[in-house]
Novice: 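Let me give you the structure first, and then I'll get to my questions.
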Amino acid sequence: MSVEGFSEVSGDIQPVGVEEEEEGTLDEPISVTLKRDLKAIVRKCAHVVVPVRSNKALLHDWDLWGPLLLCITMAMLLHGRSHDQSSAETHTIHFIEVFLLVWGGAGVVTINAQLLRGKVSFFQSVCTLGYCLLPLAVALLVSRLLLLDSHHPRLIFALRLGTIGVALVWAIWASVGFLADYLPHDRKSLAVYPIILFYFGISCLIVAQNNALL
């Protein structure tokens, strides 16, 4: 129906670019989607390896795929193997402990930062803390390889302790560097302390690993 003096108006209320974006992501092959997500994970891991305070990619373009993969990898490496009758039960408990420690600890640290009026969302903080587990994941892998040599226990322990110590400092440095600008300056120490405790607890699990788990 038209009214004299008024031009007929027609159109779509959908915002410009939404349809093209949905077609570009929903209709693309799964391999393309996986390739794009893997590239994003590798790029964010590179930010952790060489942390630059001005680079906020982990915060602005957050995801939980990378932290989930790191968490599962560390849990699988930590639970190890056992030769007693309760091996299956031991594996399950240990895997769940690592999984809950990582995600529960990251959640508690994030909630603490928000209660201190930090300007970071829940998932942004969890994403950053999760990706900054990368140095500890590498240290865990190196620790497992060093434990294969049982002829020099003291030397192996010293090497493992040094590797884990460097990874701990690296993880804390990277995470605090990314989150520092979003934490209140007058309460920054209260927000940083749980971060240090979070990574220290995971480091203790790695140090406690012994030949019985291999």
Novice: Of the non-hydrogen atoms in L146 and I156, which two are nearest, and what is the gap between them?
Specialist: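 Heavy-atom minimum between the residues: O-CG2, 3.5 Å.
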Novice: List the atom pairs, with distances to 0.1 Å, where a side-chain N or O of residues 161-169 and a protein N or O form a donor-acceptor pair under 3.5 Å, not counting sequence neighbours.
Specialist:
| residue | atom | partner | partner atom | Å |
| --- | --- | --- | --- | --- |
| T163 | OG1 | L159 | O | 2.8 |

Novice: Hey, could you give me the CZ/OG distance between R36 and S31, rounded to the nearest 0.5 Å?
Specialist: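 Atom-to-atom, R36:CZ and S31:OG are 10.5 Å apart.
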Novice: What heavy-atom pair brings A106 and T110 nearest, and what distance separates the two atoms?
Specialist: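 Result for this residue pair: O-OG1, 2.8 Å.
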Novice: Within this structure, what is the CG-CG distance for the pair L69 and L64, rounded to the nearest 0.5 Å?
Specialist: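 The CG atom of L64 is 11.0 Å from CG of L69, to the nearest 0.5 Å.
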Novice: Quick one: does S125's side chain have a donor or acceptor within less than 3.5 Å of a partner on S121's backbone?
Specialist: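 Not confirmed, S125 side chain does not pair with S121 backbone.
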Novice: Once rounded to the nearest 0.5 Å, what's the spacing between atom CD1 of I195 and atom CG of L129?
Specialist: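 These two atoms lie 5.5 Å from each other.
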Novice: As an exercise, state the distance from CD of Q124 to OH of Y182, rounded to the nearest 0.5 Å.
Specialist: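 Atom-to-atom, Q124:CD and Y182:OH are 7.0 Å apart.
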Novice: If every non-hydrogen atom of C132 is compared with every non-hydrogen atom of V48, which pair is closest and at what distance?
Specialist: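 Closest approach of C132 to V48: CA-CG1, 3.9 Å.
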Novice: Determine the minimum heavy-atom distance between F198 and L101, stating which atoms define it.
Specialist: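 Of all heavy-atom pairs spanning F198 and L101, the closest is CE1-O, 3.6 Å.
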Novice: Name the residue from W173, W170, Y199 that meets the side chain to side chain contact (heavy atoms under 4.5 Å, CB included) definition with P135.
Specialist: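 Single side chain to side chain contact (heavy atoms under 4.5 Å, CB included) partner of P135 among W173, W170, Y199: W170.
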Novice: Indicate yes or no: does D63 engage K44 in a salt bridge with an N to O separation below 4.0 Å.
Specialist: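 Yes, D63 and K44 are salt-bridged.
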Novice: To the nearest 0.5 Å, what is the distance between CZ (R187) and CG (L115)?
Specialist: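 The CZ atom of R187 sits 10.0 Å away from the CG atom of L115.
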Novice: Which heavy atom of P194 sits nearest to which heavy atom of N112, and what is that distance?
Specialist: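 In terms of heavy atoms, the two residues are closest at CG-ND2, 3.4 Å.
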Novice: What closest approach, in Å, do R160 and S143 show between heavy atoms, and which atom pair accounts for it?
Specialist: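 Smallest heavy-atom distance, with atoms named: NE-OG, 2.6 Å.
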Novice: Output the distance between atom CG (L183) and atom CG (L116), rounded to the nearest 0.5 Å.
Specialist: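 Going from CG on L183 over to CG on L116, the span is 8.0 Å.
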